[in-house]
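Inspection log for the structure reproduced underneath, given as structure tokens.
Numbers here are sequence positions counted from 1. Whatever order the structure lists ligands and atoms in, that order sets their numbers, starting from 1. Keep in mind that what you see is a predicted model, and the values were worked out from it rather than measured.
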Amino acid sequence: MAEPVEPEYGGERLVTSSADDVERAAEAALRPKKLDEFVGQRVVRDQLSLVLQAALARDASPDHVLLSGPPGLGKTTLAMIIAAELGTSLRVTSGPAIQHAGDLAAVLSSLEEGEVLFIDEIHRLARPAEELLYVAMEDFRVDVVVGKGAGASAIPLALPPFTVVGATTRSGLLPAPLRDRFGFTGHLDFYDAAELERVITRSAGLMGVDIQHAAAHEIAGRSRGTPRIANRLLRRVRDWAQVRGDGRLDLKAARAALEVYEVDPIGLDRLDRAVLAAVCRRFGGGPVGLSTLAMTVGEEPDTVETVAEPYLVREGLLGRTPRGRVATQAAWEHLGLEPPPGAWGAPLGGTLFDGADGDAGTPQ
Ligand code: ADP
């Protein structure tokens, strides 16, 4: 077995786009409450604003809304904004929280007229719950099953009008019949640096601290296009400024704090860099299979594939070929290394394929 080329990654990741409960509490204070406070996503914001204004003008519930996009880009925030803009309350549940169709029936039958039901990770609903949801969304009805076996019967229960806001990171996994029930679908994209700077400056204001433009710019560049990460890095910079600095959120504080947390200038953390370094140093730029690569950095293949790889691929640092993972020219440059002649990342190294699986060895 190959030795890890970098110390094994063991800590909490600062640049992950998922959040735990403690973080969600910290986030709550930073969430925009109105559509015009929501930074970026101009197209979705504009379309949604029309849907909401039209519903308000008609004094009716708007169409069901599906929001898709990677974690941390603002789907939950938009669901809250939709309810607030409509002047109604929001009920929150999620695909994994609903174990049985009956759980969903209970939620649906307790909805009040005009309420918004937010279903996070809606692609993870179990099939029977999904089927119950189609009917509820289309006909505003749930069939409550009474009795068991041959004697069971379904009693239709009418529901008041309501709006489902579904969020998914994997819209491709949503069955077509469910997708079709949504009158409006908004796709959220990664934010550009200028938008993230606005998110950071706004959040700093809410946290009661002044941030220099250069510091906001620095944090934005390391936030992987994701407001959740931007807010998290901002909190760490504030900690540094308080404990080791003079309280000011300036460029020096931003750089020093992010160095402590090992988030590099393009937002890579230790695991990301370990993966790149392994491909370049240990495997001459690849191709290397996922499981070998994972073993080399001392991680599970699943972690490498779902945690580190997507951003490395998105940034054009790592390629996926039918024969395994390869480092690109940009990866060599980022690590300050010279690719050996004939390496994948070297000029004229070869063609990269995206989306191939790696270990299988079957050309596409
Ligand atoms: P998701 O539901 O897509 O995982 P969230 O809505 O929970 O993401 O957003 C994560 C964090 O990022 C929240 O604290 C929220 O305040 C912040 N955020 C997301 N999008 C924006 C935005 N467009 N403007 C300002 N803050 C945002």
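Sorted by first then second residue, the salt bridge (Lys or Arg N to Asp or Glu O under 4.0 Å) pairs that include residues 217-231, not counting sequence neighbours, are E27-R228, E218-R222, E218-R255, R224-D272.
Other members of the hydrophobic cluster containing I122, listed by chain and number, are L66, I98, L104, V107, L108, L111, L117, I119, L125, L132, L133, Y134, M137, F140, V142, V144, L157, L159, F162, V164, L174, L178, F182; membership follows side-chain contacts under 4.5 Å among ILVMFWY residues, whether direct or relayed.
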Give the table of side-chain donor-acceptor pairs shorter than 3.5 Å for residues 69-80, with sequence neighbours excluded, one pair per line with atom names and distance.
residue, atom, partner, partner atom, Å
K75, NZ, G69, O, 3.0
K75, NZ, P70, O, 2.9
T77, OG1, R31, NH1, 2.8

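Minimum heavy-atom separation, S223 to A230: OG-CA, 3.2 Å. When all heavy atoms are compared, the tightest approach of R323 to P287 is O-CB, 3.6 Å.
Surrounding CG of D246 are more than 12 heavy atoms belonging to other residues, nucleotides or ligands, all under 6.0 Å away.
Within 4.0 Å of ligand 1, the residues that place a heavy atom are R24, E27, L30, R31, P32, F38, V39, P71, G72, L73, G74, K75, T76, T77, Y191, V199, P227, R228, N231, listed by chain and number.
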